[in-house]
There are 2 protein chains.
Amino acid sequence: MAREAKNSGSPRKAGPVSRPAAHSSEAVDDYLKAIFWLSGPEERRVASNEIAAYLRITTASVTNMLQKLAAARPPLVSYQKHHGVQLADPGKLRAREIVRHHRLVETFLHDVLGYAWDEVHQEAERLEHFISEKFEERIAAKMGNPQFDPHGHAIPALDGSMPQVEQMTVHQLPVRQRARVVSVSDKDPEMLRYLAAQGIGPGTLLTVMEYLPFAGPYRVRIGRNKSEVLLSLPLTQAVYVAPAE
Amino acid sequence: MAREAKNSGSPRKAGPVSRPAAHSSEAVDDYLKAIFWLSGPEERRVASNEIAAYLRITTASVTNMLQKLAAARPPLVSYQKHHGVQLADPGKLRAREIVRHHRLVETFLHDVLGYAWDEVHQEAERLEHFISEKFEERIAAKMGNPQFDPHGHAIPALDGSMPQVEQMTVHQLPVRQRARVVSVSDKDPEMLRYLAAQGIGPGTLLTVMEYLPFAGPYRVRIGRNKSEVLLSLPLTQAVYVAPAE
DNA sequence: GGCAGAAATTAGTTATACCTAATATTATGA
DNA sequence: TCATAATATTAGGTATAACTAATTTCTGCC
Ligand SMILES: [Mn+2]
Ligand SMILES: [Mn+2]
Ligand SMILES: [Mn+2]
Ligand SMILES: [Mn+2]
């Protein structure tokens, strides 16, 4: 992908390209997404450090890319040497668009193509960069513009807006406080398979009955008062819930 | 995409990668496809020249890449300096796999997502490189393992085999010889829209009534003896037919 | 057989995006 | 306050895959 530099004359592929704006590269997309997640809802500055760990690359590479993102016109990030970055508006918009792509694709793979919920993340992680606006629009339409992906994550709207859902992890949930599962981390397929086997997914009602000292496990009642399961600390941190009235 | 070179230590993305073989790059895929098409059914050697024109890049770039493809282990092409290339078996297999991806994706976009037949090629041209084997398998299954794409092109089987259909262009069709449209070139969206408007697509019965000297136009009867249309030389070369019994 | 022109290759450059190693800056705690 | 540890930046290098310009090889024709 070393084209479109000085090469305004002849695009490498034939056919009229409808997309007007120059698309950001996969690498740029991934940095924007990383900053988006790491900066959190309060949109705090993110250290090169954190980005490097998140993307599993060196801090030198990160510094390099941050300088490019800041030098882009319009700038995608606001960058201050030695003091981290923040997404500028264009960068934030692009990050949210990629998140929309990711979650729509996940939902599509799950609902339309019958993928298991632990299989969708990996494929979406790649495809999110390469689908067109038309593809996005068509799969969204086919599924009736879904609001949530298979893991319970909210799908950003076309304008980038994302409903902020009030939520905490099971780890943070007080004992005996009944709660409903909002979403589950999609990063670890094994964890997802295990949770599914325990009957835990978005919508599941649960109550922490007891947590044992020194990092659990947690004894959790599923549903009204049916079964009980034991969840390790990592599992309780991967399940997000909202207290039920 | 400058990873996976000396970088055996830490893959850039988290998560266990199920794909075992190192995937070829988009550029490599495109070269293999170009050689595949240019060498034709008789699999003749292809000149750097032709590849450069087909991919709209310089011959220097082509020479460079051909040397890499030949140096790969196992070699993807058989290359002799100044005497063009031929696909080696691994290259041929990969080329056919990409063609399978392309045509399955086109069919999926058309049949499942409701794309018009002039819109599918561009999107498939990109996605063919990035879908997984699972995605391929799932869309194929969802559509009942289709044999042909929306333009009438045969979809290679999983083992790479492609039925060789007997066909000629309308340009080559003798006058008054009734024929059935097998396939239509998918490269030019405008042409596809025009042909669709004339009622011409895979399966259409037609007869050349007359061709006027000096590059046409051709007077062509559509169906049994309903309407007649005029087709320019480029159009008659874009429509492939098989004589009807 | 030799020569001109076409085709291909080599050489050197650019851009992206990674890397390691060396250096600089910032933050902390004695 | 100031030395040291943690962070970040710079400098220099690699690989991919394009480019232009210079050079070489091949081919067809006289
Ligand atoms: Mn989009
Ligand atoms: Mn998800
Ligand atoms: Mn495949
Ligand atoms: Mn086609």
Side-chain angles (χ1 to χ4, degrees), chain A residues 1-13 22-35 38 44-73 76-86 129, chain B residues 1-14 22-35 38 45-73 76-86 129:
Chain A
M1 305 205 166
R3 304 130 198 176
E4 67 216 80
K6 282 258 172 64
N7 183 17
S8 59
S10 56
R12 182 146 168 284
K13 293 291 176 175
H23 239 44
S24 44
S25 71
E26 191 179 354
V28 168
D29 282 355
D30 285 343
Y31 276 93
L32 296 176
K33 253 201 333 174
I35 300 166
L38 292 168
R44 59 163 240 282
R45 302 190 81 78
V46 176
S48 309
N49 221 4
E50 304 174 74
I51 299 171
Y54 188 88
L55 295 178
R56 297 157 166 274
I57 55 179
T58 61
T59 53
S61 302
V62 172
T63 297
N64 212 272
M65 178 62 98
L66 295 186
Q67 288 169 353
K68 280 185 209 163
L69 297 179
R73 283 189 38 84
L76 296 166
V77 299
S78 134
Y79 167 65
Q80 278 177 250
K81 249 182 204 177
H82 291 104
H83 297 283
V85 275
Q86 237 177 340
H129 307 288
Chain B
M1 310 211 165
R3 303 128 199 183
E4 67 215 83
K6 281 258 173 63
N7 184 15
S8 58
S10 58
R12 183 145 168 284
K13 292 291 177 179
H23 239 44
S24 43
S25 72
E26 191 178 355
V28 168
D29 282 355
D30 285 342
Y31 276 93
L32 295 176
K33 253 199 336 172
I35 299 167
L38 292 169
R45 302 191 79 79
V46 176
S48 308
N49 222 4
E50 304 174 74
I51 300 172
Y54 188 88
L55 294 178
R56 299 157 166 275
I57 56 181
T58 62
T59 54
S61 303
V62 172
T63 296
N64 214 273
M65 178 61 98
L66 294 186
Q67 288 169 351
K68 281 183 207 164
L69 296 180
R73 283 188 40 82
L76 295 167
V77 300
S78 132
Y79 167 65
Q80 277 177 249
K81 250 182 202 176
H82 291 105
H83 296 284
V85 275
Q86 233 177 342
H129 306 288

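Proteins come first, then strands; the chains are lettered A, B, ... in the order of their sequence lines, and each starts at number 1. Atoms considered below: every heavy atom in the structure, side chains included; atoms not considered: hydrogens, waters and symmetry mates.
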In whole angstrom, give the distance that lies between atom [atom1] of [X] and atom [atom2] of [N].
X	N	atom1	atom2	result
A:M65	D:dA8	CE	P	17 Å
A:R45	D:dT7	CZ	P	18 Å
B:L66	C:dT10	CG	C1'	14 Å
B:K68	C:dT10	NZ	C1'	14 Å
B:E26	D:dA17	CD	C1'	12 Å

For nucleotides 23-26 of chain D, print each protein N/O atom paired with a nucleotide N/O atom at under 3.5 Å, atom names and distance only.
none

Phosphate OP1/OP2 of [N]: any [X] side-chain N/O under 4.0 Å:
X	N	result
A:Y31	C:dT16	no
A:S25	C:dA17	yes
A:S48	D:dT7	no
B:Y79	C:dT9	yes
A:T58	C:dT20	no
A:N64	D:dT10	no
B:N49	C:dA6	no
B:Q67	C:dT10	yes

Residues 59-70 of chain B side chain polar contacts: donor-acceptor under 3.5 Å, at least two apart:
from  : atom 1 : to    : atom 2 : distance (Å)
B:S61 : OG     : B:T58 : OG1    : 2.9
B:T63 : OG1    : B:T59 : O      : 3.2

Take B:H23 and B:D29 through the side chain to side chain donor-acceptor pair (under 3.5 Å) test and state the conclusion after the steps. CA-CA 10 Å; B:H23 239 44; B:D29 282 355; over 6 Å; no
Pair A:V77, A:L32 - check side-chain contact (heavy atoms from CB on, under 4.5 Å), show working. CA-CA 8 Å; A:V77 299; A:L32 296 176; 4.3 Å; yes
Please name all residues satisfying salt bridge (charged side-chain N to carboxylate O under 4.0 Å, His left out) with A:R45, sequence neighbours left out, ordered by chain then number. none
Can you tell me how far apart [atom1] ([X]) and [atom2] ([Y]) are? Round to the nearest 0.5 Å.
X	Y	atom1	atom2	answer
B:N49	B:L38	CG	CG	10.5 Å
B:Y79	B:S48	OH	OG	5.5 Å
A:I35	A:L55	CD1	CG	8.5 Å

Considering only C:dT9, D:dT20, C:dC18, which nucleotide approaches the side chain of A:I57 most closely? C:dC18
Quick one: which of D:dA17, C:dC18, C:dA8 gets closest to the side chain of A:S61? C:dC18
Using a heavy-atom cut-off of 4.0 Å across all strands, would you classify B:A47 as base, sugar-phosphate, or nothing?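 Contact class for B:A47: sugar-phosphate only.
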